[in-house]
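Throughout, numbering of the chain's residues begins at 1 and tracks the sequence. Read the numbers this way: they start at 1 and go in the same order the structure lists the ligands and their atoms.
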Amino acid sequence: MPSTPAWVEAALNERRQQSLLRQTVTLAGPQAPSATFGNRQYKAFCSNDYLGLANHPVLIKGLNDAAEQYGVGGGSSHLVCGHLAPHQALEEALAEWLGYERVMLFSTGYMANLGVISALAAKDRPVAQDKLNHASLLDGAVLAQAPLRRYLHCDVASADKLLAKLGSSGLLVTDGVFSMDGDLAPLAALSSVAAKRDWLFMVDDAHGLGCVGTQGRGSLALEGLNADSLPILVGTFGKAFGTSGAFVATSHSIADYLTQFARPYVYTTAMSPAIAGATLTALNLIQSSEGQARREKLARHIAYFRQRVGQLPVKLMASNTAIQPIVIGESHTAIKVSDALKSLGIWCTAIRPPTVPVGSARLRITLSASHTDDDLVFLCDSLECVLTSLQ
Ligand SMILES: *Cc1c(COP(=O)(O)O)cnc(C)c1O
């Protein structure tokens, strides 16, 4: 065995000393509110399965049916021979749902963002991003070797000033719902800024689609935008859709352009056709009355949570979404709180830098339509116990 380089050990030690070491834990069973880690059962409050579809019998059947008919593997990239009928059907259904000319599938949201931004930005086409945008959006600009500048979080005036300063027109990019804070970007105002300065506007709505807006159509619907005012919309399937993969919704010409120049689209195997089939089932469910009922249940959980936790000695974030973070501050304290919750039977992994800014380690509590009212009572009672003893 070759010995481990000293710099590897040093980097690990540094992370360990700062309470920042990350590790995987194995979940022995499906993604569901009752989760078994090690040999103990917990109520889990940190998955992104907001509508409780990840283990839904209708999705499992959709996956099985598509696998029976189209197999498991895509076999190649979309452009060689890996674009199967379920991919095409899913693209068309998404385009119709959201009101765009075209939709292109990607294997993950991370790759969709790398692909879209690296193709559309360049040395002379800068990228302006919200300070709290997802890491994959920032990495897209790095892959493009494009200038990357950031404006103050959700601050339209700051974005406008930045675009004016940058001069040459480029790409204005924001999360729709911010992944670690749960708040909403001012999309309509940002869209106007982009249009006024002749910049392309792009939104990553990983946490909004399926959950917010009429029919679950996401931040786009909440802010009254459409394919003209929001020419590039990225969505992911790993959250409310309960599967995996992602898409970009856009115009014919931009889709044709991305088909030539988005390397993370061209040089990778298409997502499994069985996953595409399951995702189409998820989309139908999201549009149905069951989807609506799940969104309403989620909204009731959010209201109850905010009413209860609002009485505790912590500050609630300005979020009305399923993401309800409690900022603790120091990483080691956040781990202590997370461990105390674990001992009571609540699983909520502490989120620490560099995922969130230094000094803002947090419990990123997420609620799901699959939680019961009793689960919410148990969560809030446990938080009350842990957070008041922290004082
Ligand atoms: C989760 C997430 C992604 C990445 O999507 P994956 O499909 O998990 O790779 C991209 N953007 C945002 C805002 C996300 O929260």
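- Proximity of a side-chain donor or acceptor of Q292 to a complementary backbone N or O of S288 within less than 3.5 Å is not detected.
- The cationic atom of R308 (NZ for Lys, CZ for Arg) does not lie both less than 6.0 Å from the six-membered ring centre of F305 and within 45° of the ring axis.
- When non-hydrogen atoms are compared, ligand 1 lies under 4.0 Å from the side chain of D175 (C-beta onward) but not from its backbone.
- Aromatic rings from F247 and F106 are positioned such that their centres are separated by 6.0 Å or more.
- Atoms of ligand 1 lying under 4.0 Å from any heavy atom of S179, numbered from 1 in the order shown and given with element: 15 (O).
- For ligand 1 and D204, the ligand atoms under 4.0 Å from any heavy atom of the residue are 10 (C), 11 (N), 12 (C), 13 (C).
- Taking the six-membered ring for Trp and the full ring otherwise, W347 and F45 have centroids separated by 6.0 Å or more.
- Considering both main-chain and side-chain atoms, A206 never comes within under 3.5 Å of ligand 1 through any nitrogen or oxygen pair.
- Near G109, meaning under 4.0 Å from any of its heavy atoms, are these atoms of ligand 1: 4 (C), 5 (O), 6 (P), 7 (O), 9 (O).
- Listed by number with element, the atoms of ligand 1 under 4.0 Å from a non-hydrogen atom of T236 are 5 (O).
- For atom 14 (C) of ligand 1, the closest non-hydrogen atom of the protein is K239 NZ, 2.9 Å.
- Checked against a 6.0 Å centroid threshold, the rings of H207 and F178 do not count as neighbours.
- Looking only at heavy atoms of the protein, atom 4 (C) of ligand 1 is closest to Y110 N, 3.6 Å.
- Close approach of ligand 1 to H207 is summarised as follows: ligand atoms under 4.0 Å from at least one heavy atom of the residue are 14 (C), 15 (O).
- A donor-acceptor distance shorter than 3.5 angstrom exists from the side chain of E91 to the backbone of L105, with no hydrogens or angles considered.
- With ligand atoms numbered from 1 in the order given, ligand 1 contributes 10 (C), 11 (N) to contacts under 4.0 Å with heavy atoms of S136.
- Between the side chains of S229 and N226, at least one donor-acceptor pair of N or O atoms lies under 3.5 Å.
- Within the listing of ligand 1, atoms 10 (C), 11 (N) sit less than 4.0 angstrom from a heavy atom of N113.
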